[in-house]
Amino acid sequence: MLGEDFTKARSSWLYPREPQQNFWRALLIGVGVFVAYQLLQGVLALAIYLVAFHGGLGELSGMVGSGNSTTTSPTQALMYKSGLLSIFPSGVIVAALVLYLSQFGLPGRMGKLPVEWPKINFLGWALIVVGFILVMLFAASGVFQALGLDPSAYEVSSKGLSDTASKAGIIEKTLADMANDPLLLGFGALSAIIGAPLAEEFLFRGLLFAGIAKTRAGWPGAVLISAGTWAVAHAFGAPWIFVGVIFGMGLILGLLMLRFGSLWVTIACHTAWNVLVTLPMFSLGSHT
């Protein structure tokens with residue numbers, strides 16, 4: 001009922017025993033693709049700003065060098081929206097690029113990634129995804145309690161963003177603002193729910209993880225380092241407590257990667273979590 005790979009994963013770890021990538025090659029490709037990802041997002045964001053939002057380069061040049069401000073200008077708000085909308089196309093392109101380079105890369109250094117579709121039935125998928133979400137909610141709640149923080153200060157309700165979330169989360173504020181426009185809502189959802197998980201899982205739990213797994217760091221190092229670099233990549237524009245939660249989430253995703261040996265498992269869990277955390281922000285559009 002659960003599937004062949006689900007049954008196997010209960011007694012053994014299914015991550016491939018043979019090396020998937022040479023470390024230095026994986027690191028070189030990973031850094032190059034990550035830089036390309038950032039540049040691609042910037043180019044697409046600028047194009048969306050100029051074409052879709054009819055912004056002007058003069059306004060952008062005025063925004064640069066204006067200094068830090070506690071408020072967000074209309075131009076900045078549009079650029080944040082453009083940046084978020086650019087995640088979906090750039091994420092899909094980056095995932096495809098990582099897959100291509102890892103399989104058909106440098107001559108004599110043929111590599112691959114664990115992208116075979118796992119033999120897991122519907123009930124098995126449901127148990128994995130629901131179990132992951134429950135573990136994440138329990139872990140996040142434990143972190144907040146241990147640090148004496150109030151989770152409601154970071155939540156989004158029908159009344160909008162709380163004061164803490166409004167001050168700290170650029171992405172949260174942008175999503176909440178986009179929720180009032182059905183078209184922006186749709187494309188924003190594609191970015192948050194599909195584009196980001198694809199790009200991040202292929203880069204961090206895919207290429208980087210595979211490059212580290214067969215070094216002296218081994219599987220523990222692959223889990224820790226991939227989770228740490230993924231958390232650092234989220235440091236800009238996110239509250240520090242969220243970066244810690246993302247690190248913990250990276251550890252759990254890394255363990256799932258080892259257990260089931262397929263990127264599609266971590267992509268599914270990552271996608272489900274993004275659905276869970278973005279739905280409250282998307283739902284604001286129906287209350288304003």
Side-chain angles (χ1 to χ4, degrees), residues 2-34 94-95 98-99 101-103 105-106 109-120 124-125 127-129 131-136 138-140 142-143 196-234 243-273:
L2 300 176
E4 180 181 338
D5 283 351
F6 192 100
T7 303
K8 288 181 179 178
R10 295 168 64 181
S11 58
S12 62
W13 298 52
L14 301 185
Y15 192 81
R17 298 287 177 178
E18 70 277 6
Q20 298 287 294
Q21 289 285 326
N22 170 273
F23 171 73
W24 292 109
R25 177 174 176 269
L27 183 62
L28 180 63
I29 294 175
V31 171
V33 172
F34 183 78
V94 161
V98 170
L99 185 59
L101 292 175
S102 64
Q103 292 185 344
L106 303 176
R109 286 294 193 184
M110 302 300 286
K112 56 183 178 178
L113 293 177
V115 292
E116 294 80 9
W117 189 261
K119 297 175 182 178
I120 301 174
W125 280 107
L127 287 175
I128 293 171
V129 172
F132 168 77
I133 290 176
L134 291 177
V135 170
M136 275 301 304
F138 178 80
V143 170
L198 274 177
E200 293 172 8
E201 291 307 311
F202 268 89
L203 273 171
F204 294 99
R205 248 72 59 189
L207 192 60
L208 181 61
F209 195 100
I212 299 171
K214 295 305 176 182
T215 65
R216 291 183 179 180
W219 286 355
V223 173
L224 287 169
I225 296 172
S226 62
T229 53
W230 184 47
V232 170
H234 285 78
V243 176
V245 171
I246 288 171
F247 174 70
M249 179 176 167
L251 296 178
I252 298 171
L253 289 173
L255 292 175
L256 287 173
M257 186 74 231
L258 292 178
R259 177 63 66 183
F260 293 98
S262 175
L263 267 171
W264 299 113
V265 171
T266 64
I267 290 171
C269 291
H270 191 162
T271 296
W273 179 257

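It should be emphasised that the depicted structure is a prediction, and the values quoted were computed from it without experimental measurement.
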Original post:
How are the rings of Phe34 and Phe204 set relative to one another: parallel (under 30°), tilted (30 to 60°) or perpendicular (over 60°)?
Top reply: perpendicular

Original post:
According to the interplanar angle, ranging from 0 to 90°, do the rings of Phe6 and Phe260 count as parallel (below 30°), tilted (30 to 60°) or perpendicular (above 60°)?
Top reply: tilted

Original post:
So do the side chains of Ile267 and Leu198 get within less than 4.5 Å of each other, counting heavy atoms only?
Top reply: yes

Subject >> Considering all heavy atoms, the nearest Ala199-Val94 contact >> reply: CB-CG1, 4.1 Å

Subject >> Minimal non-hydrogen separation, Pro197 against Thr271, with atom names >> reply: CB-OG1, 3.6 Å

**OP:** Could you tell me whether the side chain of Arg205 reaches within less than 4.5 Å of the side chain of Leu256, counting heavy atoms only?
**Re:** no

Subject >> Where Ile212 and Ala217 come nearest, the two heavy atoms and their spacing >> reply: CG2-CB, 3.9 Å

Original post:
Do the non-hydrogen side-chain atoms of Val232 and Thr229 ever get within less than 4.5 Å of each other?
Top reply: no

Subject >> Min side-chain heavy-atom separation Met249-Phe132 under 4.5 Å >> reply: yes

Original post:
side chain to side chain contact (heavy atoms under 4.5 Å, CB included) between Leu207 and Phe202: does it pass, once the steps are laid out?
Top reply: CA-CA 6 Å; Leu207 192 60; Phe202 268 89; over 6 Å; no

Original post:
Is any side-chain heavy atom of Leu251 closer than 4.5 Å to a side-chain heavy atom of Leu224?
Top reply: yes

**OP:** Flag the pair Met257 / Leu263 as yes when at least one side-chain heavy-atom distance between them is below 4.5 Å, and no otherwise.
**Re:** yes

**OP:** Please state whether the rings of His270 and Trp230 are parallel, tilted or perpendicular, taking 30° and 60° as the class boundaries.
**Re:** perpendicular

Original post:
Ignoring hydrogens and geometry, is there a side-chain-to-backbone donor-acceptor pair from Gln20 to Gly211 under 3.5 Å?
Top reply: no

Original post:
Given side chains that start at C-beta, do those of Lys8 and Asp5 come closer than 4.5 Å, heavy atoms only?
Top reply: yes

Original post:
Do you know which two heavy atoms are closest between Val33 and Val98, and how far apart they sit?
Top reply: CG1-CG2, 3.7 Å

Original post:
What are the two closest non-hydrogen atoms of Leu99 and Ser102, and how far apart are they?
Top reply: O-OG, 3.0 Å

Subject >> Side chains of Leu258 and Phe209 in contact at under 4.5 Å (non-hydrogen atoms) >> reply: yes

**OP:** Grab the two heavy atoms, one from Ile120 and one from Trp125, that are nearest each other, plus how far apart they are.
**Re:** O-NE1, 3.2 Å

